[in-house]
Amino acid sequence: MPAAARPVTRVRRRLSGDQIAMRWTLVLAGLALVVVLAAPMAMLLSRAFEDASGAWVGLANFATYATTPTLAASAWHSVWTAAVTAIVVVPLAFTFAYGLTRSRIPGRGLFRAVMMVPILAPSLLPALSLIMLFGNQGLLKSWLFGGSIYGPPGIIAAQIFACFPHATIILAVALTTADARLYEAADVLRAGRIRTFLTVTLPGAAYGLVSAGVVVFTLVVTDFGIPKVIGGSFNVLATDVYKQVVGQHNFNMGAVVGIVLLIPAVAGFWLERWARKRRAATISGRAVTYVPKPRLARDLPLLLFCTGIAAVLVGIVAIAFWSSLIRFWPWNLSLTWDNYEFGRFDTAGWGSVLTSLQMAAWAAALGTPVIFVTAWLVERTPAAGFLRGTVGFLATAPLAIPGLVLGLAYILFFNHPSNPLNLFYGGMAILALNSVVHFWTVGHLTATTALRQLDPEFEAASASLKVPVWSTFARVTVPICLPAGLEIAAYIFVNAMTTVSAVIFLYGADYKPAAVAAVQMEESGQTSAAAGMACVILAVALAVKTVQVVVSAILDRTTQAWRRR
Amino acid sequence: MVGSGATATLAAGQAPPITGTPYLVVEHVAKRFGSFAALRDVSLTVEAGEFVCFLGPSGCGKTTLLRAIAGLDPASEGRITQGGRDITGLPPSARDFGIVFQSYALFPNLSVTDNVGYGLRGALWPKARRRDRVAELLSLVGLTDHARKYPSQLSGGQQQRVALARALAPEPGLLLLDEPLSALDAQVRHHLRGEIRALQRRLGVTTIMVTHDQEEAMAIADRIVVMNNGLIEQVGTPEAVYRRPASAFVAGFVGRSSQFDAVMEERGLRTADGHLLPTPILAPVGTTLRVFVRPEDVRLSAATGTGLSAQVTALEYLGPVCRLALEDGRLRLEAEASPDEIRDIGAQPMVRLGVSLPPSRLLLFSSDA
Amino acid sequence: MLRRIAIATLLALSLPALAQAQSRTRLTVYTALENEQLGPLKALAEAAVPSIEIAWVRDSTGVITARLLAERANPRADVIWGVSVYSLLQMEGFDMLEPYTPPGASALRPNMRSDRSPMTWTGMDAFVSAICFNTVVAQQRNLPRPSTWADLLNPAYQGQIVMPNPASSGTGFLTIAGWMGGMGEAPAWDYMTRLHNNIQVYTHSGSAPCNNAARGEYGVGLSFDMRAVTLKNQGAPIEIIVPTDGVGYDLEATAIHHGTAHLDAAKALVNWAVSRPAMEAYGRWYALLALPGVTPVVQNYPSEFAERLVAADFRAVATQRDRILREWTSRFDGKSAPR
């Protein structure tokens, strides 16, 4: 047939109402992320190129930065403390996770619960406990052989405590998804235990190891609470931002340090993405779950190890609790509940706990649906590749942004007189919003993981049945992902309870969060009251986490019957 | 490009005479993903009530064509009409079809009843009618006893039938099946394909099934669409595709065959080794041809007199028939014969047998194809 | 269903905040005063000026100043009450202060009020840099009691002194500004270089050195007097030493934020803030008050230090701040890791 004779008819694709709605909602989500994340960050970062009066100075601030030796030293301090923390935490967490997933030690559920404790506590808590233990008047001061806890030892020790659960959770997931058939094959091929470990277990967990290392590194680099309390005069990037902004009121240099602070965090972020892509190619959809058999030679050492770790974690919390009851450390060790009369130390008193509860509840209640719907749109909107990529990137970016930097960005952006959103400034809304954005990434990744386990043709199947995509979302997607949704909500809630750095600049007259109150008490020498407030925060977070676990179990029984065979 | 020229008379794989009315018309459809052309100028007509299979190797474009018809990945160029309505650019929800995915895409948190009744909503489907329709479909696919179960509590074959019932429930004009049987084991697959065919006959719904399994396509389809490299190679009944393949690709892809090159001479075909197979003149004298022959068309005899002969190199006993591999110089042939015949001619490995290839059964294609 | 319950709970939680009284004018007051001072001051002020209601936003001097500066495009504070004069001078430089002379302000000590007319700020009280000396630790480690800055150069104090980093703490800056005022700049740098050998840690916050001394972490903490008094009153075994060879001081001051929507109410509050009853209230915690003739009643406060104050030109010091800090940072901060 003569091909030339035929005119080519280009097809004009028409989208259904659903598809158009999905696309516009995704655009909306993208715009929302621009408003609550990209625009404030851009506004802050632009300060790095201005002087105090707002005039453009190009790279002059960066030149000043580069020629100030102390600032460069801080960058190196940040990197090496973060690296050492990661190098110590990852093997500890790996061994602990190995005990949780690959052994038959008793009390694995309890170990799993205890392991979570540091996530539930504000970062002030381990720092205070370490000072009680190893400070110059510390109970175990002699263990340091004349060394000082203030500075890198204290920072690293406290960060190990704070980062341990993050690494353990990631590694436990990595070790759970192992394919039993590989172990059978190794067994049949007469590989020894060590060889099997080196050739099967470690490569299988390689992505988890990279990911855990990166997460720990990023957390340490961006955290500012621990180095502030226990870092002595050891400068790191996060405290430099504080020093520039709070000490010298130099926002321009603060923005410069903020940009420098983003470099290691962003580098870690890309490394993690790279590792995730590589993993996608190696994972098999038909893996058989590995069930370990009891073996004393493996289980006994693991039991001892896990007990030791759990004892340390509980011990640190117990020390903090004990210190909250002390009348005046270290001169009057009699016990009292007086330190829990927070009104004596802070005008907000117990009100700050209520503020934190409200803020965390709002953040969880509003953040969870928004984050979940956004993740779903990124995964399931037809075509629109560029849009999905952009929104997906914005959703994963907050992980790399230190809370202090985000908080400053929020002041400058949301308090700008020409910003119509400035009426939210100083209120509860801005605190909740800031918490949602700050912890968006982990929620997004949790939602994405849950969504990727669903059949990719759900939306196509419902379209063929003329059922609106929203109906399928509500009837199928949401019910299936309910456990993941609860997890996101609990995560946001707990982190909003404990965070300081993101909200320290944002709280208004009536809304001082409890974690900020704890930091202020510590600063004014009310150590016991600060420890008490930290313990209250921990208790609230623990209660919420417990509620989540219980509700999950109930939901599992009542609505997830379809999961059982 | 293929099936052209000298062999036109032999390989004209024409569809059987059109009896019904055209229901689905695909005209010059192309689909590109970036720079990759998954479909290139595809045209096809499907009659109302017909069962058509898209058959081809993986990557040939058969699933792409199905998804273009469904609107899941709309075509880049061309025109698709269904029942006279142009649906080329329409979204899936504006079309009229039911689909069964390879993964079934059953809703795991909904019971069998809820899955089947999922598309039965709105004013058209009041509760009672909806209940009746679900019951009707469940009995149709034999799952009445499993109505309250969840998909994960069913076997693969049962899940497949739920997916089928769900797709059929809103009485679509077109049923699309995307490799619906590939996840099942051989016996279930065999059984289910019979059921699907019977059901389709009973309901009379126009059906398109994508498969890479030629036996499945032969068994189930009214017509087979053989695809390769984003193009339709041939459209025809199973018999036409098998007996009168339109191209060397179809001859080689569908069914078993032996193939060799030969040159057309006045007295017959001259093989590369110089043997002459006596035939009438089937193509312009002097042209080089690719010759295909089906195993059951290779005639064997004990006599090794004047004609072609070949040595038995392997013999497989398959029950009703035996399969032989034969070799003579560069010529390799596959043949089939009944066990009785094998015994009669004394065929066993290393023995030479007389071979004849009936000219009317040879499939010839110009060898540059 | 669950969601509905959650929302209902949230609403219930938020109600108290919404239900606040609207009859009085609500003033948002930014402050760096100590927490325990806020309650009594609020009660007294609201009793004296019934038309206002005070909503505190309290943080350390550094944080509150950073907030004020960050918010300056769209101010949230109506009044600044109890913030370092250095911060107020910085704000004055950005025209952030409302010029207003409260009646009676001229009675304040001349060096404790704004030199502009109308005034941009009025002083409340002075606080000085001081040494927190832990007597228990001193006994254990055999440390002599210092009475002058020069005493701190004694090698016996090596690794026993902790002071705030002037680059991150206003108190730290106050301390070195005092040395410069008292000794002259070049001798002050020389003094700091020698003192550096005895310093264990430069802390980020101004309160931390005294807190640390009170907890016995270190024997000697350089901080400010108010902090030390609070800790001593809690029972800390510390002695508060105001060195006899001249101390730097800072003022806590009051100002109206330019552009406040409640100017009249703000003026009413500031009027009260310079009044005698207000000064008597400050006198519960501070020994040197802006209004002459008011007798402080503060406990455990070192007496007779007014004459030890070094002459301070706040505005001159404020303008030199960046240069001094840069110099300090390059000399000491990089080498300040604990030994």
Side-chain angles (χ1 to χ4, degrees), chain A residues 68-70 73 131 135-137 148 150-152 228 231-235 239 242-243 245-251 327-332 343-347 354 357-358 361-362 365 408 411-412 415-417 422 425-426 428 504-505 507-511 520-525 527 551, chain C residues 6-7 9-10 13-14 17 28 34-36 38-39 42 55-60 62-63 65-67 69-71 73-74 76 90 136 165 167-170 200-205 207-208 210-211 214-218 227 230-231 234-237 322 325-326 329-330 333-334 336-338:
Chain A
T68 311
T70 47
I131 291 174
N136 294 339
Q137 295 288 337
S148 169
Y150 296 103
K228 179 167 179 289
S233 41
F234 183 79
N235 295 316
T239 53
Y242 181 82
K243 207 154 44 172
V245 173
V246 174
Q248 300 170 32
H249 314 308
N250 188 339
F251 291 94
R327 210 170 275 281
F328 195 78
W329 168 264
W331 318 109
N332 182 352
R344 291 170 51 214
F345 314 104
D346 188 300
T347 40
L354 187 67
L357 266 172
Q358 287 184 40
W362 278 116
L408 271 178
I411 297 198
L412 298 176
N415 193 40
H416 200 277
N422 68 25
Y425 185 78
M428 179 59 71
I504 198 156
F505 292 118
Y507 70 90
D510 302 315
Y511 304 104
Q520 291 182 356
M521 289 173 187
E522 197 278 335
E523 221 169 69
S524 51
T527 317
V551 170
Chain C
I7 290 173
T9 315
L10 283 171
L13 284 172
S14 334
T28 301
E34 296 295 316
N35 260 310
E36 65 262 33
L38 301 183
K42 175 178 157 84
W56 296 112
V57 174
R58 190 252 158 209
D59 216 311
S60 66
V63 172
T65 311
R67 272 186 77 152
L69 292 173
E71 290 172 351
N74 192 16
R76 298 288 162 167
Q90 214 174 339
V136 176
N165 185 329
S168 59
S169 149
Q200 175 74 13
V201 172
Y202 295 102
T203 64
H204 291 299
S205 108
S207 320
C210 205
N211 293 339
R215 287 200 297 246
E217 292 291 306
Y218 303 105
R227 177 102 306 276
T230 312
L231 286 163
Q234 279 174 37
D322 282 351
L325 286 183
R326 197 169 163 76
T329 302
S330 63
D333 204 10
S336 66

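Every value quoted in this text rests on a predicted model; they were computed, and no experiment measured them. Chain identifiers are assigned alphabetically (A, B, ...) following the order of the sequence lines, protein sequences preceding nucleic acid strands; residue numbering begins at 1 within each chain.
What you find for C/Ser207 and A/Glu523 is that their closest heavy atoms are CB-O, 2.9 Å. The minimum heavy-atom distance linking A/Pro417 with C/Ala73 is given by the pair CG-O, 3.0 Å. Shown here for A/His249 and C/Leu69, the closest heavy-atom pair between the two residues is CB-CD1, 3.3 Å. The minimum heavy-atom distance between A/Gln248 and C/Gln90, with the atom names listed, is O-NE2, 4.2 Å. Scanning both residues, C/Gly216 and A/Asn136, for their nearest heavy atoms gives O-CB, 4.4 Å. Here the closest heavy-atom approach between residue A/Lys243 and residue C/Ser168 is recorded as CG-CB, 3.1 Å.
Note: A/Asn250 CG to C/Asp322 CG = 7.0 Å, rounded to the nearest 0.5 Å. To the nearest 0.5 Å, the span separating CZ on A/Phe328 from CD on C/Gln234 amounts to 5.0 Å.
Most heavy-atom pairs under 4.5 Å with chain A: of the set C/Arg326, C/Glu36, C/Lys42, this distinction falls to C/Arg326. Residue with the most contacts toward chain A among C/Ser169, C/Gly39, C/Ala214: C/Ala214 (heavy-atom pairs, distance under 4.5 Å). Here C/Val136 is the residue among C/Leu325, C/Thr203, C/Val136, C/Thr28 with the most heavy-atom pairs under 4.5 Å with chain A.
The main-chain N or O of A/Leu412 is never found under 3.5 Å from a side-chain atom of C/Glu71 such that the two would form a donor-acceptor pair. In this structure a side-chain-to-backbone donor-acceptor pair under 3.5 Å is missing from A/Gln137 to C/Glu217. Here the side chain of A/Asp510 pairs no donor or acceptor atom with the backbone of C/Ala55 at under 3.5 angstrom.
Taking the ring axis of A/Tyr507 as reference, the NZ or CZ atom of C/Arg67 stays within 45° of it and closer than 6.0 Å to the ring centre.
When heavy atoms are compared at a cutoff of 4.5 Å, C/Thr65 approaches chain A by way of both its backbone and its side chain. When heavy atoms are compared at a cutoff of 4.5 Å, A/Phe345 approaches chain C solely by way of its backbone atoms N, CA, C and O. Contacts between A/Trp329 and chain C at a heavy-atom distance below 4.5 Å involve backbone atoms as well as side-chain atoms.
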Which is it for A/Phe234 and C/Val201 under the side-chain contact (heavy atoms from CB on, under 4.5 Å) test, yes or no, and what are the steps along the way? CA-CA 9 Å; A/Phe234 183 79; C/Val201 172; over 6 Å; no

Show your reasoning for whether side-chain contact (heavy atoms from CB on, under 4.5 Å) applies to C/Arg76 and A/Asn415. CA-CA 9 Å; C/Arg76 298 288 162 167; A/Asn415 193 40; 2.8 Å; yes

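Ring geometry for A/Tyr150 against C/Tyr218 counts as tilted: the plane angle lies between 30° and 60°, on a 0 to 90° scale.
With no hydrogens or angles considered, a side-chain donor-acceptor pair links A/Gln520 and C/Asp59 at under 3.5 Å.
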